[in-house]
Amino acid sequence: MILLWHVFLAFFIPGILGYGGGPASIPLIENEVVGHYHWMTVTRFSNVLAFGNSLPGPIAPQMAGYIGYQVAGVPGSFVALFATIAPSLILLIVLLRLLYKFKDSPKVKWLTLLIRPIIVVMLGMMAYNFFSTSFQSSGWLPLVLIGVVSFVLMQRFRIHPAFVIAGALLIGAAFMG
């Protein structure tokens, strides 16, 4: 029961702070899962993130379902999924009218502009952690190879990111195996 409570908290807190379950909540989930509860390593978390990004839909509920299952089985999966969705659902129901009333307010627009750089810094810190962990575990050659090839395939040839992620997994497996 305590474990399910920890699973709930690990996903409810990022759900409150990273409203909507988008990219802003990923570093918050990483902090809880990797840093606070130590349920996963950075490498394993990055693998879960890559897998979740290859699936359609919001990333946070996908990661919550998988991580919750890994930590506490099927009940953990349901608890983590509910904890991820609940803050957005509550805020949507309770605050929708208030938000609609002040949607054109200059103060609300100013606040939104202030939040964007914070999200960029959080995503940058997460990317740096993934980069340093990848460098330590596999060296510079696969890291540079995967990065350059992925960039070229997505930018120049407009290859879908899911295919690029699958190819990167194969390259990583070849270098790790």
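When hydrophobic clusters are built by joining Ile, Leu, Val, Met, Phe, Trp and Tyr residues whose side-chain heavy atoms come closer than 4.5 Å, directly or via intermediates, Leu169 is not grouped with Met40. Linking Ile, Leu, Val, Met, Phe, Trp and Tyr whenever their side-chain heavy atoms come within less than 4.5 Å leaves Ile119 and Met125 in two separate clusters. With hydrophobic clusters built from ILVMFWY side chains whose heavy atoms lie under 4.5 angstrom apart, Tyr66 shares a cluster with Val42. Criterion: ILVMFWY side-chain heavy atoms under 4.5 Å apart, direct or through other members. Under it, Phe157 and Phe151 are not part of a common hydrophobic cluster. Under a hydrophobic clustering in which Ile, Leu, Val, Met, Phe, Trp and Tyr are joined whenever their side-chain heavy atoms come within less than 4.5 Å, directly or via other members, Tyr128 and Met126 fall into different clusters.
More than 12 heavy atoms of other residues, nucleotides or ligands lie within 6.0 Å of CE in Met154, so this atom counts as buried by the packing criterion.
Between the side chain of Ser150 and the backbone N or O of Gly147, no donor-acceptor pair lies under 3.5 Å. In terms of modelled atom types and a separation under 3.5 Å, the side chain of His38 and the main chain of Gly35 share a donor-acceptor contact. A distance-only check finds a donor-acceptor pair linking the side chain of Ser77 to the backbone of Gly65 [under 3.5 Å]. Gln62 contributes a side-chain N or O that, together with a main-chain N or O of Pro56, makes up a donor-acceptor pair within less than 3.5 Å.
Summarising the geometry of Pro14 relative to Ser25, their closest heavy-atom pair is O-CB, 4.2 Å, with the distance given to 0.1 Å. Ile59 approaches Gly52 most closely through the heavy-atom pair CD1-C, 3.1 Å. Shortest non-hydrogen contact noted between Val34 and Thr41 is CG2-O, 3.9 Å. The two residues Leu4 and Ala72 have their closest heavy-atom pair at CD2-CB, 3.8 Å. The minimum heavy-atom distance linking Ser54 with Ala162 is given by the pair O-CB, 4.3 Å. In plain terms, the two heavy atoms of Ala80 and Ala64 that are nearest each other are CB-O, 3.2 Å.
Distance CG/Asn31 to CE/Met122: 8.5 Å, rounded to 0.5 Å. Note that CZ of Phe102 and CG of Leu111 are 13.5 Å apart. Values are rounded to the nearest 0.5 Å. Remark: Ile165 CD1 to Leu49 CG distance equals 8.0 Å, nearest 0.5 Å. Between Phe11 atom CZ and Ile85 atom CD1 the span is 12.0 Å, to the nearest 0.5 Å. Rounded to the nearest 0.5 angstrom, Ile13 CD1 and Ile29 CD1 are separated by 12.0 Å.
Side-chain contact between Thr133 and Ser46 is absent, with no heavy atoms from C-beta onward closer than 4.5 Å. Side-chain atoms of Asn129 and Glu30, non-hydrogen and from C-beta on, do get closer than 4.5 Å to each other. Contact check for Met63 versus Val33: no side-chain heavy atoms found under the 4.5 Å cut-off. Between Glu32 and Tyr37, some side-chain heavy-atom pair lies under the 4.5 Å cut-off.
Taking the six-membered ring for Trp and thresholds of 30 and 60 degrees, Phe130 and Phe45 have ring planes inclined between 30 and 60 degrees apart. The aromatic rings of Phe135 and Phe131 lie parallel to each other, with less than 30° between the two planes, well short of the 60° mark.
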Chi angles and distances behind the side chain to side chain contact (heavy atoms under 4.5 Å, CB included) call for Val79, Trp5: CA-CA 8 Å; Val79 167; Trp5 176 247; over 6 Å; no
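Among Val48, Asn47, Leu55, the single residue meeting the side-chain contact (heavy atoms from CB on, under 4.5 Å) criterion with Phe51 is Leu55.
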